[in-house]
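Everything below concerns the one structure shown next.
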Amino acid sequence: PAVFTLPGQMASCWACYSAATNTAFIIDSSGLQFEIDPLKPVDGVLSTLSTPTGGVDCYAGADMVYTLATGDNAVVITDISGGAGTAAIKRIVTGVAPTGSMGMAVYM
């Protein structure tokens, strides 16, 4: 198995895999979102994004990653359409998740 050092990591709550980019996204309770290449155990962290609050669930779609950030009652939408290592927060939708939510479902 691959072992990664995630700078600033506090408690990783969830991870999701994107078949479109062949990368995984690790969501941390500190508000960090890491994009990693699971096939590179050394230097596998491709990008680190800072979200408003920590996430507790995520889903990777064709060109977006959706992260549930219950501290802000929000879903953070990350654009991954540029391929591996290009993740960028596109939009934060607030008021869509009750405080304390622990999971989400995404219907495409």
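Keep in mind the model is a prediction, meaning the values are calculated, not measured. Count residues from 1 along the sequence. Only this structure's heavy atoms are used, side chains among them; waters, hydrogens and symmetry mates stay out.
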**Message:** If you compare all heavy atoms of Ile27 against all heavy atoms of Gly55, which two are closest, and at what distance to 0.1 Å?
**Reply:** CG2-CA, 3.3 Å

**Request:** State, to 0.1 Å, how close Cys58 and Ala15 come at their nearest heavy-atom pair, and which atoms those are.
**Result:** SG-C, 3.7 Å

**Prompt:** Mind checking whether Ile26 and Leu6 have side chains closer than 4.5 Å, heavy atoms only?
**Reply:** yes

**Message:** Working to the nearest 0.5 angstrom, can you tell me the gap between Phe25 CZ and Cys16 SG?
**Reply:** 7.0 Å

**Request:** Answer yes or no: is there a donor N or O on one side and an acceptor on the other, between the side chain of Glu35 and the main chain of Gly85, under 3.5 Å?
**Result:** yes

**Heavy-atom closest pair, residues Ala87 and Thr78** = CB-CG2, 3.8 Å

**Message:** Between Tyr17 and Asn22, is there a side-chain donor-acceptor contact under 3.5 Å, judged purely by atom types and distance?
**Reply:** yes

**Item:** Residue of the set Ile80, Val65, Leu46 for which side-chain contact (heavy atoms from CB on, under 4.5 Å) holds with Thr23
**Value:** Leu46

**Request:** Identify the two heavy atoms, one from Ala20 and one from Ala62, that lie closest to each other, and give their separation to 0.1 Å.
**Result:** CB-O, 3.1 Å

**Request:** Measure across Asp57 and Met104 and return the closest heavy-atom pair with its distance rounded to 0.1 Å.
**Result:** OD2-N, 2.9 Å

**Asked** Looking at OG of Ser50 and CD1 of Ile89, how far apart are the two atoms once the value is rounded to the nearest 0.5 Å?
**Response** 7.0 Å

**Message:** Is the shortest side-chain heavy-atom distance between Asp28 and Phe34 below 4.5 Å?
**Reply:** yes

**Prompt:** For the residue pair Ile92 and Ala74, what are the closest heavy atoms and their distance?
**Reply:** CG2-CB, 3.9 Å

**Request:** Examine Val56 and Tyr66 and state if one hydrophobic cluster contains both, with Ile, Leu, Val, Met, Phe, Trp and Tyr joined whenever side-chain heavy atoms are less than 4.5 Å apart.
**Result:** yes

**Message:** To the closest 0.5 Å, what do you measure between CG (Asp79) and CZ (Arg91)?
**Reply:** 13.0 Å

**Asked** Say you draw a straight line from NZ of Lys90 to CD1 of Ile77; how long is it, rounded to the nearest 0.5 Å?
**Response** 8.0 Å

**Asked** Can a donor-acceptor pair be found between the side chains of Gln33 and Thr67 at a distance below 3.5 Å?
**Response** yes

